[in-house]
Novice: 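Pasting a structure below so you can have a look.
Throughout, protein chains are lettered first and strands after them, A, B, ... in sequence-line order, and every chain is numbered starting at 1.
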Protein chains: 2
Amino acid sequence: MTSSVQRKRVRKSPDDRRAEIVGAAAEVALTEGLECITLRRIAEQLDVRPGLISHYFPAVEDLVAEAFGSAATAELETLLPVGPRDGSPQEHLARFFARTTGPAYDDMSRLWLNARHLSRYRPVLRDRVLDQEKDWRGRLSGVIATGVERGEFRTEDPVLAAVRILVVIDGLAGHANTGLGNHPATVTRLAAATAERELGLPDGALATPAATGEPGTATTLAPPAAEPAAPAVEPEAPATEPDAEPS
Amino acid sequence: MTSSVQRKRVRKSPDDRRAEIVGAAAEVALTEGLECITLRRIAEQLDVRPGLISHYFPAVEDLVAEAFGSAATAELETLLPVGPRDGSPQEHLARFFARTTGPAYDDMSRLWLNARHLSRYRPVLRDRVLDQEKDWRGRLSGVIATGVERGEFRTEDPVLAAVRILVVIDGLAGHANTGLGNHPATVTRLAAATAERELGLPDGALATPAATGEPGTATTLAPPAAEPAAPAVEPEAPATEPDAEPS
DNA sequence: GATGCTATTGAGTGTGCGACCAATAAGCAA
DNA sequence: TTGCTTATTGGTCGCACACTCAATAGCATC
């Protein structure tokens, strides 16, 4: 009896529900930030009650780490797919830079920044960040090593080269996120340019299709050489929502 | 009457008090993070009541921005002093890299990371971050421009070179803060190496005193040389406290 | 030594957070 | 259909936060 209507319940298998929760949290993390992963916010997203989230993740910190791991893993998968390499390592890297310096990567770079900062206070997240760094480094150095084997690249230490490349990308990300828009191509060019230097490639070898203007005048002082062959992969534009204030 | 002892009050001039508050907030920002700048925390630091902080900063967000600006300005001042240049631009840059890639810069790089992330949610801080970026960029490009005038450096666009250098430094900072310690010298070398390339300098020209091994062989494919000796410019060790959980 | 200005306090408001738990209903198995 | 397991709910607790404001006391001035 009584007027209080009982809420309709949808009962799902723990595995499904758990995956659903992590998915929602990853989405919130990408669009609004890791701090916005709260019991109430995720519950609202899934149209369930906060208690349910607590049931699956007794400590929210674990959900935060899981959400970051999920998002980062997914991004790495589209960034450097491990499966059938349909192109040369050089083409792979060119696509890699095209995406990481493009708008499609904005959310992800914000998330990396977010995770790096937050991992200062949250040990579980911190470990996840270290894991992801390892994965990204491993995947990238793998591509590089393959390139070296094929004689496309020349470097003594693929891992070191990978780390340096990732460092530059993160640096660009940090700056891009603060400014209103992205950096001009002359700045983002730094990423590919670093890679070219690390891998013994000619200037412009890893240039983004769009930036194919006058290669050689741009980079530094070098009057270069090779024309950048156009690798044909343009990243899709991600749907982004306005941010929310977490405090 | 009554047993409740009244708290002893120390009355100071608004200017002094305000400066004191900003100073305390800057210290907390550097050691514990911008999120730890709360009315209670800063009040405790100064042994006053929270209400007093509110009195000087009706919106905490303003204090946060002020604290960041204060800390960043101070750091820039020791990093690239504007006054009497006692050395050549090249020496200036070498010291710049020695410090930015050393342990004395740890707190500051964490703070930059912190501020960049937090500025996503706090407009006032965001503006401050942009201001500081402008200052740092201007100061660094100034040194570079001087070097160009003197024929020490060679670059088409000092500002572009400055931005690229700062991007690399921030990238290193982000990675260093996540990992347990700092990166090995082979990675941090990336910063000076980028600058050398941007400025048309020979490899190793900006190397840290310690890393001054075999200039010219080091940068990319070559095995790095010297073991770290005692650097001439040794930064003071900052007193660091264990972190607190801001939420 | 008295007076007035104001820097500082103490007490309180409302909000959002994670965490906890007994009660409840969904849906599978008998 | 009946019963049982358990996924899900609703409600509550305590804490930390920013912010407000009348009351109070330090101190310069007279």
Side-chain angles (χ1 to χ4, degrees), chain A residues 1-21 24-25 28 32-67 118 121-125 244-247, chain B residues 1-21 24-25 28 32-67 118 121-125 244-247:
Chain A
M1 60 149 177
T2 86
S3 56
S4 89
V5 282
Q6 277 291 344
R7 186 187 172 75
K8 199 182 126 194
R9 300 185 180 188
V10 181
R11 197 186 170 106
K12 299 190 175 177
S13 86
D15 284 351
D16 287 356
R17 192 59 101 177
R18 200 185 166 87
E20 208 179 38
I21 292 173
V28 169
E32 302 172 32
L34 290 167
E35 289 87 341
C36 296
I37 298 182
T38 68
L39 298 182
R40 289 164 176 79
R41 178 72 187 80
I42 302 301
E44 178 198 28
Q45 189 88 356
L46 295 175
D47 195 39
V48 295
R49 299 289 121 204
L52 184 60
I53 314 296
S54 260
H55 175 68
Y56 285 94
F57 292 90
V60 198
E61 184 173 354
D62 292 333
L63 176 57
V64 171
E66 200 76 23
L118 206 60
Y121 308 107
R122 323 208 101 121
V124 185
L125 175 60
E245 156 76 65
S247 171
Chain B
M1 57 148 176
T2 86
S3 57
S4 88
V5 283
Q6 277 290 345
R7 185 187 174 75
K8 201 182 121 192
R9 299 185 180 188
V10 181
R11 197 186 170 105
K12 299 190 174 176
S13 86
D15 284 351
D16 288 355
R17 193 59 100 177
R18 202 185 165 86
E20 209 178 38
I21 292 172
V28 168
E32 303 172 31
L34 290 167
E35 288 88 342
C36 295
I37 298 181
T38 68
L39 298 182
R40 288 166 177 76
R41 179 73 187 79
I42 303 302
E44 179 197 29
Q45 188 87 355
L46 296 175
D47 194 39
V48 295
R49 300 286 122 206
L52 183 60
I53 313 297
S54 261
H55 175 68
Y56 285 94
F57 292 90
V60 199
E61 183 172 356
D62 293 332
L63 175 56
V64 171
E66 200 75 22
L118 206 60
Y121 308 107
R122 321 208 103 121
V124 185
L125 175 61
E245 155 76 64
S247 171

Novice: Has the side chain of B:R11 got a donor or acceptor that lies under 3.5 Å from a partner of the other kind on the base of C:dT6?
Specialist: yes
Novice: Using the side-chain contact (heavy atoms from CB on, under 4.5 Å) definition, which of the options A:H55, A:R17, A:E20, A:K12 pairs with A:V48?
Specialist: A:R17
Novice: Can you tell me how far P of C:dA11 sits from NE2 of B:H55, to the nearest Å?
Specialist: 20 Å
Novice: Tell me the interatomic distance from A:L39, atom CG, to D:dT9, atom P, rounded to whole angstroms.
Specialist: 13 Å
Novice: Compare every heavy atom of A:E32 with every heavy atom of B:Y121, then report the nearest pair and how far apart it is.
Specialist: OH-O, 2.8 Å
Novice: Looking only at the side chain of A:R40 (C-beta and beyond, no hydrogens), which of the listed nucleotides C:dT24, C:dG18, C:dA7 gets closest?
Specialist: C:dG18
Novice: Examine C:dT8: is either OP1 or OP2 under 4.0 Å from a nitrogen or oxygen in the side chain of B:R49? Give yes or no.
Specialist: no
Novice: Is A:D47 paired with A:R7 through a side-chain N to carboxylate O contact shorter than 4.0 Å?
Specialist: yes
Novice: Rounding to an integer number of Å, can you tell me how far A:R17 CZ sits from D:dT6 C1'?
Specialist: 13 Å
Novice: With a non-hydrogen cut-off below 4.0 angstrom, is A:P58 in contact with a base, only sugar-phosphate, or nothing?
Specialist: sugar-phosphate
Novice: Within this structure, what is the CD-to-P distance between B:E61 and D:dC19, rounded to whole angstrom?
Specialist: 9 Å
Novice: Figure out the NZ/P separation between A:K12 and D:dT9, and round it to whole Å.
Specialist: 11 Å
Novice: Separation of B:F57 atom CZ from C:dT8 atom P, in whole Å?
Specialist: 13 Å
Novice: If you check the A:T38 side chain, which of C:dC17, D:dA18, C:dT9 turns out closest?
Specialist: C:dC17
Novice: Counting the atoms with a prime plus P, OP1 and OP2 as sugar-phosphate, which does B:I37 contact under 4.0 Å by heavy atoms, base, sugar-phosphate, or nothing?
Specialist: sugar-phosphate
Novice: Just N and O in the side chain of B:R7: are any of them under 4.0 Å from OP1 or OP2 of C:dT8?
Specialist: no
Novice: Are OP1 or OP2 of D:dA7 and a side-chain N or O of A:Y56 less than 4.0 angstrom apart?
Specialist: no
Novice: Can you tell me how far P of D:dC19 sits from CZ of B:R41, to the nearest Å?
Specialist: 18 Å
Novice: If we only count heavy atoms from C-beta on, is the B:L52 to B:L46 side-chain gap below 4.5 Å?
Specialist: no
Novice: Classify the side chain of B:R9 versus the base of D:dT24 as yes if they form a donor-acceptor pair under 3.5 Å and no if they do not.
Specialist: yes
Novice: Quick check: does any side chain N or O of A:E61 sit under 3.5 Å from a backbone N or O of A:V124, one acting as donor and the other as acceptor?
Specialist: yes
Novice: Which whole-number value in Å describes the distance from A:L63 CG to C:dC17 C1'?
Specialist: 15 Å
